[in-house]
Amino acid sequence: MAKMRKIVTDPLIDNNPVTWQVLGVCSALAVTTQVKTAIVMSLALTIVLCCSNVAISLLRKMIPNKIRMIVELCVIATLVILADQVLKAFMYDVSKQLSVFVGLIITNCIVMGRAEAYALQNPPLKSLLDGLGNGLGYSIVLILVAAIRELFGNGTFLGFQIFGDWFVGNTLMLLPPGAFVIIGLLIWLQRTFISKHLREED
Amino acid sequence: MNLLNLAIESIFIQNILLSLFLGMCSYLAQSKKMESAKGLGMAVIMVLTIATPLNWLIKTYLLDKGALAWTGIDALASLDLSFLTFICFIAVIASLVQIVEMVVDRFFPVLYNSLGIFLPLITVNCAILGAALFMGERGYNLAEATVFGTSSGVGWALAIMALAAIRKKIRYSNVPEGLRGLGMAFIVTGLLAIGFLCFSGISL
């Protein structure tokens with residue numbers, strides 16, 4: 001049981017897919033100008049990741065090693081199409097804002113990486129938990145970055161005004177460079193205070 | 001003239017990596033050495049140049065609403081297959097990358113050795129799929145799509161080579177311990193992105 005819990009909690013902070021394994025950074029940067037889009041994107045990715053991990057884990061004994069990449073891509077692409085259609089049907093405005101980034105979940109390295117590295121060797125239940133853990137780890141970073149960017153860029157959180165009229169929005173936060181610098185600083189924080197035992201050299 | 005504008009726009013102003021954030025994973029992983037940055041940059045330019053117009057053809061003649069009208073069959077002409085876009089694009093890209101890999105392996109073994117396992121990873125490089133999707137969203141025609149693909153690749157290669165060069169210098173400087181490696185790469189990329197923002201003042 002403790003082992004199962006570790007599968008979920010390990011990727012949350014210590015072994016976070018975005019800040020530690022550097023996977024799935026593209027979308028983490030692009031959809032984080034608002035908290036709302038970040039939440040929708042995290043949900044979509046977590047669901048796709050869980051489903052793809054389970055599907056690939058169920059198929060793992062049947063997939064020939066040589067064409068496993070193509071099989072994985074097909075499974076993931078099908079799930080992403082489903083997610084995209086659902087978003088278009090029920091949350092059209094958010095889906096417009098996310099534009100191509102929902103489609104880009106296909107090439108999000110977290111999904112592919114977990115399928116390759118975990119689901120191909122492990123039974124479905126464990127793979128599901130692994131998918132959940134990594135999805136949540138991704139969501140934490142995404143929502144954190146989005147909160148910082150929205151708060152200091154617009155003075156709002158989820159669209160509600162937080163700072164009063166005196167606040168002048170820092171446009172740099174909303175522009176691409178802001179996203180890069182914030183993730184860089186988060187990684188610094190994580191490596192200095194939390195994952196001290198894990199170090200890499202350049 | 002319009003095409004030239006588009007090229008300049010997608011290399012500098014709307015750089016696929018620094019302002020659209022596509023292809024970050026291999027950008028960070030492969031920018032430690034100038035050699036591999038150069039090789040991967042070239043590979044991305046090559047794949048993007050072929051993949052973007054190819055995907056344009058597939059989208060325009062097979063997948064869009066009413067795209068099958070050229071067959072002359074009414075039942076096909078009314079089909080809207082655009083929900084298949086993602087899976088078709090990724091299949092085209094995956095097979096194309098496989099072919100590029102075999103060609104590079106056969107004719108440029110040195111390059112193949114230095115890129116190692118990262119060539120297959122171009123499949124999951126979001127820059128390729130992202131360019132194809134943006135091309136569809138912005139409604140380019142075939143010529144524009146080709147120029148957009150190539151110049152996005154050039155922009156990407158430019159960004160990764162710039163970062164590789166800067167990281168080489170940073171190795172000799174005294175960076176705070178937690179910031180070493182990845183953290184610094186992000187902050188440098190942020191500064192590069194600020195630099196590229198200056199281009200947005202150019203009116204085309």
Side-chain angles (χ1 to χ4, degrees), chain A residues 19-32 69-70 72-74 76-78 80-82 84-85 88 99-113 116 172 175-193 195-196 199-202, chain B residues 15 17-29 32 83-91 93-95 97-98 120-121 123-130 132-134 136-137 167 170-171 175-197:
Chain A
T19 56
W20 185 255
Q21 305 170 34
V22 219
L23 300 173
V25 187
C26 329
S27 50
L29 298 167
V31 301
T32 48
M69 295 278 262
I70 308 273
E72 285 161 15
L73 275 179
C74 286
I76 297 167
T78 316
V80 171
I81 290 175
L82 285 178
D84 184 49
Q85 297 289 325
K88 270 189 188 145
S99 80
V100 305
F101 289 96
V102 180
L104 286 173
I105 295 180
I106 299 176
T107 51
N108 190 313
C109 330
I110 297 182
V111 186
M112 202 61 183
E116 258 308 89
L172 188 66
L175 290 170
F180 287 116
V181 175
I182 290 172
I183 293 236
L185 295 178
L186 276 183
I187 292 174
W188 188 12
L189 274 181
Q190 189 208 13
R191 284 182 191 191
T192 317
F193 296 111
S195 311
K196 262 189 181 161
R199 281 271 158 77
E200 66 154 8
E201 288 297 316
D202 190 12
Chain B
N15 186 294
L17 199 140
L18 297 171
S19 79
L20 300 174
F21 309 109
L22 299 176
M24 287 296 299
C25 307
S26 30
Y27 167 80
L28 291 166
K32 284 180 189 156
F83 65 93
L84 289 176
T85 312
F86 296 156
I87 203 161
C88 286
F89 280 8
I90 200 72
I93 293 166
S95 36
V97 169
Q98 199 84 54
L121 276 189
T123 312
V124 284
N125 185 326
C126 9
I128 319 282
L129 183 66
L133 293 173
F134 270 117
E137 183 148 293
R167 280 181 99 165
I170 284 181
R171 205 161 306 149
V175 179
E177 212 177 327
L179 207 54
R180 262 174 221 169
L182 203 62
M184 204 57 208
F186 267 106
I187 290 176
V188 167
T189 312
L191 295 176
L192 268 180
I194 293 181
F196 270 67
L197 271 184

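Once rounded to the nearest 0.5 Å, the distance linking CG of Leu182(B) with CD1 of Ile183(A) reads 9.5 Å. Atom CG in Asn108(A) sits 11.5 Å away from atom CG in Leu129(B) (nearest 0.5 Å). The structure places CD1 of Ile128(B) at 9.5 Å from OG1 of Thr107(A), a figure rounded to the nearest 0.5 Å. Here Leu104(A) contributes atom CG and Phe86(B) contributes atom CZ; the two are 8.0 Å apart, rounded to the nearest 0.5 Å. Here the CD1-CD1 distance, from Ile187(A) to Ile187(B), works out to 8.5 Å after rounding to the nearest 0.5 Å.
Interface remark: Ile70(A) contributes side-chain atoms only to the contact with chain B (heavy atom separation under 4.5 Å). Neither the backbone nor the side chain of Leu192(B) has a heavy atom closer than 4.5 Å to any heavy atom of chain A. The contact between Leu175(A) and chain B is made entirely by side chain atoms (from C-beta outward), counting heavy-atom distances below 4.5 Å.
Most heavy-atom pairs under 4.5 Å with chain B: of the set Leu172(A), Leu29(A), Val25(A), Thr78(A), this distinction falls to Leu29(A). Counting heavy-atom pairs closer than 4.5 Å to chain A, the top residue among Thr189(B), Leu22(B), Leu179(B) is Leu179(B).
Of all heavy-atom pairs spanning Arg191(A) and Arg180(B), the tightest one is NH1-O, 4.4 Å. Minimum heavy-atom separation, Ile194(B) to Pro177(A): CG1-CB, 3.3 Å. The two residues Trp188(A) and Pro176(B) make their nearest non-hydrogen contact at CZ2-CB, 3.8 Å. Summarising the geometry of Gly184(A) relative to Phe186(B), their closest heavy-atom pair is CA-CB, 3.5 Å, with the distance given to 0.1 Å. Residue Leu18(B) comes nearest to Pro176(A) through the heavy atom pair O-CB, 3.2 Å, listed as atom of the first residue, atom of the second, then distance. Taking all atoms of both residues into account, the shortest heavy-atom contact from Leu73(A) to Ala94(B) is CD1-CB, 4.0 Å.
A heavy-atom distance below 4.5 Å is not found between the side chains of Ile87(B) and Ile106(A).
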